[in-house]
Amino acid sequence: MSFGASEFRAVFLGAPGAGKGTQALELVAEHEVLHISTGDMLRQHRKDGTDLGLEAQGFMDKGNLVPDDLIIKMVEERLLQSDANRSWILDGFPRTLPQAEALGSSLASSGSALSHVVFFGVPNDVLVSRLSGRSTCASCGAIWNAAFKPPAQEGVCDNCKGKLLQRPDDMPEAVQKRLEVYSSQTEPLLGFYRSLGILTELDANRAPDVVYDNLVKALSTR
Ligand code: AMP
């Protein structure tokens with residue numbers, strides 16, 4: 001399946017736990033699409049022990065946002081790499097208005113622009129149960145959920161038998177903080193992108209394959 005006439009440059013917008021990452025991984029498995037997740041990039045920096053990773057650590061574990069200047073620089077550098085010269089999804093960026101404005105300017109300066117912003121809408125109570133039941137494989141990164149997609153054996157990844165861990169920021173206190181930060185800092189981006197006429201709103205409180213079909217339709221228009 002093709003996505004309209006040209007390549008897309010898409011942002012996935014939604015609260016933590018809305019399913020952006022899961023849907024992005026599905027899309028990447030089936031199509032030539034680059035998935036740029038700022039959360040994954042930061043977790044990799046932490047694993048590698050870089051200066052950025054060390055700086056980001058405290059903000060991340062408490063459920064706060066990493067400062068705009070650090071994130072904007074990291075994304076701008078990523079978009080300049082040669083493999084970003086095709087359809088891409090930004091997952092988890094932008095999360096603040098200054099980030100959205102910086103992204104717009106940096107794309108404009110290279111003669112480009114966002115083609116789609118897809119919002120994944122999920123009620124708050126569902127987000128809380130999704131996040132608190134979530135575990136991630138320490139080896140292959142697969143995402144499982146005690147309530148919605150349980151592994152066959154508790155604590156063990158079905159795919160690679162790796163150990164399943166709960167992210168520190170999926171602990172109850174940090175989850176609450178992340179949802180507050182989302183509604184105060186990220187939700188205003190809905191109005192920003194609606195006014196640019198590039199926002200598609202999906203009901204993401206549905207079965208993952210239904211959300212996926214609607215996502216592919218959204219990315220195929222325009
Ligand atoms: P995620 O995996 O997208 O939920 O991101 C995990 C954490 O990384 C967030 O709670 C933030 O601390 C940090 N992070 C990821 N993306 C951004 C961003 N665009 N701006 C600021 N902090 C971010």
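Quick note: numbers below take in every heavy atom, side chains included, and nothing from hydrogens, waters or symmetry partners.
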- Message: Any side-chain to backbone donor/acceptor pair from S112 onto A108? Under 3.5 Å, distance only.
- Response: no
- Residues D170, R178: salt bridge by 4.0 Å N-O rule: yes
- Item | Residues, nucleotides or ligands: over 12 heavy atoms within 6.0 Å of D51 CG | no
- Any idea which heavy atoms bring A56 and L42 closest together, and the distance? CB-CD2, 4.0 Å
- Task: For the residue pair C137 and K163, establish whether any side-chain heavy-atom pair is separated by less than 4.5 Å.
- Result: no
- Does the S139 side chain pair with the main chain of G162, one donor and one acceptor, at a distance under 3.5 Å? no
- Message: Can you tell me how far apart CD1 (I89) and NE2 (H116) are? Round to the nearest 0.5 Å.
- Response: 11.5 Å
- Note on the structure: For G39 and M60 the tightest heavy-atom approach is O-CE, 4.3 Å
- Query: Tell me, do L189 and L97 make a side-chain contact under 4.5 Å, heavy atoms counted?
  - Reply: yes
- Message: Treating S87 as the side-chain partner and E7 as the backbone partner, does any N or O pair qualify as donor plus acceptor under 3.5 Å?
- Response: no
- Honestly curious: do L65 and F192 fall in one hydrophobic cluster under the side-chain, below-4.5 Å linking rule? no
- Interatomic spacing from CZ in F59 to CG in N64 - rounded to 0.5 Å: 7.5 Å
- Item | Backbone of D203 reached by a side-chain donor or acceptor of R206 within 3.5 Å | no
- Note on the structure: Between L164 and P151 the two heavy atoms that sit nearest each other are CD1-CG, 3.6 Å
- Gap between atom OG of S135 and atom CD1 of I143 - 0.5 Å precision: 9.5 Å
- Give a yes or no on whether the backbone of A18 and the side-chain of R130 come within a donor-acceptor separation of less than 3.5 Å. yes
- Item | N/O donor-acceptor pair under 3.5 Å between K20 side chain and G14 backbone | yes
- Is D48 paired with R43 through a side-chain N to carboxylate O contact shorter than 4.0 Å? no
- Query: Nearest 0.5 Å, what's the CG-CG distance between L103 and L114?
  - Reply: 5.0 Å
- Does some side-chain heavy atom of S220 sit less than 4.5 Å from a side-chain heavy atom of V216? yes
- Item | Derivation of the side chain to side chain contact (heavy atoms under 4.5 Å, CB included) call for V66 and R95 | CA-CA 10 Å; V66 173; R95 264 170 149 105; over 6 Å; no
- Quick one: CG on L199 to CG on L196, what's the gap to the nearest 0.5 Å? 9.5 Å
- Task: Consider only side-chain heavy atoms of I, L, V, M, F, W and Y, link residues closer than 4.5 Å, and tell whether L34 and M41 are in one cluster.
- Result: yes
- Should the pair K73-E77 be classified as a salt bridge under the 4.0 Å nitrogen-to-oxygen rule? yes
- When every non-hydrogen atom of L131 is compared with those of Q166, the smallest separation belongs to O-NE2, 4.4 Å
- Between S183 and L179, does a side chain to side chain contact (heavy atoms under 4.5 Å, CB included) hold up when you go through it step by step? CA-CA 6 Å; S183 69; L179 293 175; over 6 Å; no
- Query: Run the side chain to side chain contact (heavy atoms under 4.5 Å, CB included) check on V118 and V11 step by step: do they pass?
  - Reply: CA-CA 6 Å; V118 182; V11 161; over 6 Å; no
- Item | Any side-chain heavy-atom pair of F119 and L202 under 4.5 Å | no
- Message: Applying a strict under-4.5 Å side-chain criterion to I, L, V, M, F, W and Y, I'd like to know whether V33 and L25 cluster together.
- Response: no
- Message: side chain to side chain contact (heavy atoms under 4.5 Å, CB included) for W144 and N159? Distances and angles first, verdict last.
- Response: CA-CA 11 Å; W144 303 92; N159 295 351; 3.9 Å; yes
- Message: Could you report the tightest heavy-atom contact between P16 and L127, atom names first, then the distance?
- Response: O-CD2, 3.4 Å
- Item | Any F12 side-chain heavy atom under 4.5 Å of L215 side chain | yes
- Message: Has Q99 got a side-chain atom pairing as donor or acceptor with F93's backbone, closer than 3.5 angstrom?
- Response: no
- Task: Measure the shortest side-chain to side-chain distance between W88 and L79 over non-hydrogen atoms and say whether it is less than 4.5 angstrom.
- Result: yes
- Hey, what do you get for CG (L27) to CG (D91), rounding to the nearest 0.5 Å? 11.0 Å
- Task: Identify whether the distance between the nearest side-chain nitrogen and carboxylate oxygen of R194 and E201 falls below 4.0 Å.
- Result: yes
- Message: Is it the case that over 12 heavy atoms from other parts of the model lie below 6.0 angstrom from the CZ atom of R86?
- Response: yes
- Note on the structure: Correct closest heavy-atom pair for R46 and Q57 would be NH2-CG, 3.4 Å
- Other residues, nucleotides, ligands: >12 heavy atoms within 6.0 Å of E154 CD: no
- Message: Would a single hydrophobic cluster contain both L13 and V122, if residues Ile, Leu, Val, Met, Phe, Trp and Tyr are joined by side-chain heavy-atom contacts under 4.5 Å?
- Response: no
- Task: May I ask you to decide if G53's main-chain N or O and Q44's side chain share a donor-acceptor pair within less than 3.5 Å?
- Result: no
- Query: If Ile, Leu, Val, Met, Phe, Trp and Tyr residues are connected whenever their side-chain heavy atoms lie under 4.5 Å apart, and connections chain through other members, are V117 and Y182 in the same group?
  - Reply: yes
- Query: Is there side-chain contact between S129 and F148, with heavy atoms separated by less than 4.5 Å?
  - Reply: yes
- Item | Donor-acceptor pair, side chain of T136 and main chain of G141, under 3.5 angstrom | no
- Heavy atoms of other groups near E173 CD, more than 12 under 6.0 Å: no
- Message: Could you check whether atom CG of D61 has more than 12 heavy atoms from other residues, nucleotides or ligands sitting under 6.0 Å from it?
- Response: yes
- Query: Taking S115 for the side chain and R9 for the main chain, is one N or O donor matched with an acceptor at less than 3.5 Å?
  - Reply: yes
